[in-house]
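Letters go in sequence order (proteins before strands), and every chain restarts at 1.
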There are 2 protein chains.
Amino acid sequence: MAYVDSLVALADPTRRSLFEAIAARPASVKELAANLPISRPAVSQHLKVLQNADLVKAHAQGTRRIYELDRRGLEALRTYLDQFWTDALGAYAAEVARRTQT
Amino acid sequence: MAYVDSLVALADPTRRSLFEAIAARPASVKELAANLPISRPAVSQHLKVLQNADLVKAHAQGTRRIYELDRRGLEALRTYLDQFWTDALGAYAAEVARRTQT
DNA sequence: CAGAACCGTAAGTCACGACTTACGGTAAGT
DNA sequence: ACTTACCGTAAGTCGTGACTTACGGTTCTG
């Protein structure tokens, strides 16, 4: 259920900010913390959540840890959502068609 | 920012259960509550959240309210995620390519 | 070999959100 | 009209998770 972790991770506004910042450009923890109104340890904690949701991955570079995007988390989430796209137009289509109002 | 509401709504396990049940087949509040270990008012509260995330829509049928899937919420969420798919392969591609390890 | 820079974890606080019960409101049945 | 069925909202409780400060560990630099 990796998609669950992705959903929970991205539901938090601070983690979304981190994720979006990392997606735009890989960065160190300090750099990421500089653009947020919270402490550096808080950023580390959020990154941990993002990381084991496979939304982000890190690699050391000297004493710094550079975080970059990991597409596996997004992919899991995407797959989960796509399931409803097709389901909603398959078995569910007949039901909807009858009372269509959209 | 409709996608934010969708993310928050689907981050809760109970709301996911409701959403998935509704996606599989439209149902009344009582029917939905019957398959969950929580009270009926709790279900109503969750449905309210799902509804103003545009993940679900309701229409009255006698004294019952039938909830069915609303694709607008999913669409908003999908669009948000797709943004990273392309971004991550565009401006971000060069950065990654250099330190590729995946 | 200090000292500094960068980071993760531990422990504790506090607000928020997921529940409950109680209540009121509307539509159908007799 | 009265009762029953179905539902939403109000108010209050309680656990979880998003923060903080404090600490220890590792890697460059002088």
Do the side chains of L47(A) and R65(A) get nearer than 4.5 Å, heavy atoms only?
-> no
Between dG8(C) and R65(A), is there an OP1 or OP2 to side-chain N/O distance shorter than 4.0 Å?
-> yes
Let me know the distance between CD of Q51(B) and C1' of dT9(D), rounded to the nearest Å.
-> 14 Å
Candidates dC19(D), dC7(C), dT21(C) - which lies nearest the side chain of S44(A) | dC7(C)
Whole-Å distance separating the CG atom of L47(A) from the P atom of dT9(C) = 11 Å
Looking only at heavy atoms, which two atoms of L55(B) and L74(B) are closest? And how far apart?
-> CD2-N, 3.7 Å
Check whether any side-chain N or O of H46(B) sits under 4.0 Å from OP1 or OP2 of dG17(C), and answer yes or no.
-> no
Can you measure from CZ (R64(B)) to NE2 (H59(B)) and round to the nearest 0.5 angstrom?
-> 10.0 Å
Find the distance K48(A):NZ to dG8(C):C1' and express it as a whole number of Å.
-> 8 Å
Can you check the L50(B) CG to dG8(D) C1' distance for me, whole Å?
-> 15 Å
Taking only the side-chain nitrogens and oxygens of Y67(B), find out if one of them lies under 4.0 Å from OP1 or OP2 of dG8(D).
-> yes
Closest nucleotide of DNA chain C for R40(B) versus for V49(B): which of these residues is on the 5' side?
-> V49(B)
Contact under 4.0 Å: T14(A) side-chain N or O vs dC19(D) OP1/OP2 = yes
Atom pair OH (Y3(A)) and CG (L81(A)), whose distance is rounded to the nearest 0.5 Å = 10.0 Å
Closest to side chain of S28(B), choosing from dC7(D), dT21(C), dA18(C) | dC7(D)
DNA chain D: Q45(B) or K30(B), which has the more 5' nearest nucleotide?
-> K30(B)
Starting from C1' on dC6(C), measure out to CZ on R64(A) and report it in whole angstrom.
-> 9 Å
Measure from CD on Q61(B) to P on dC7(D) and round the result to the nearest Å.
-> 10 Å
Indicate whether OP1 or OP2 belonging to dT21(D) is found under 4.0 Å from a side-chain N or O atom of S39(A).
-> no
With respect to the side chain of V29(A), which nucleotide from dA18(C), dG8(C), dC7(D) is positioned closest?
-> dG8(C)
Taking atom P of dG8(D) as reference, at what distance in whole Å does atom NE2 of H59(B) sit?
-> 13 Å
N52(B) CG to dT9(D) P, in whole Å, measures 10 Å
When rounded to the nearest 0.5 Å, the distance separating OH of Y80(B) from CD of E20(A) is 3.5 Å
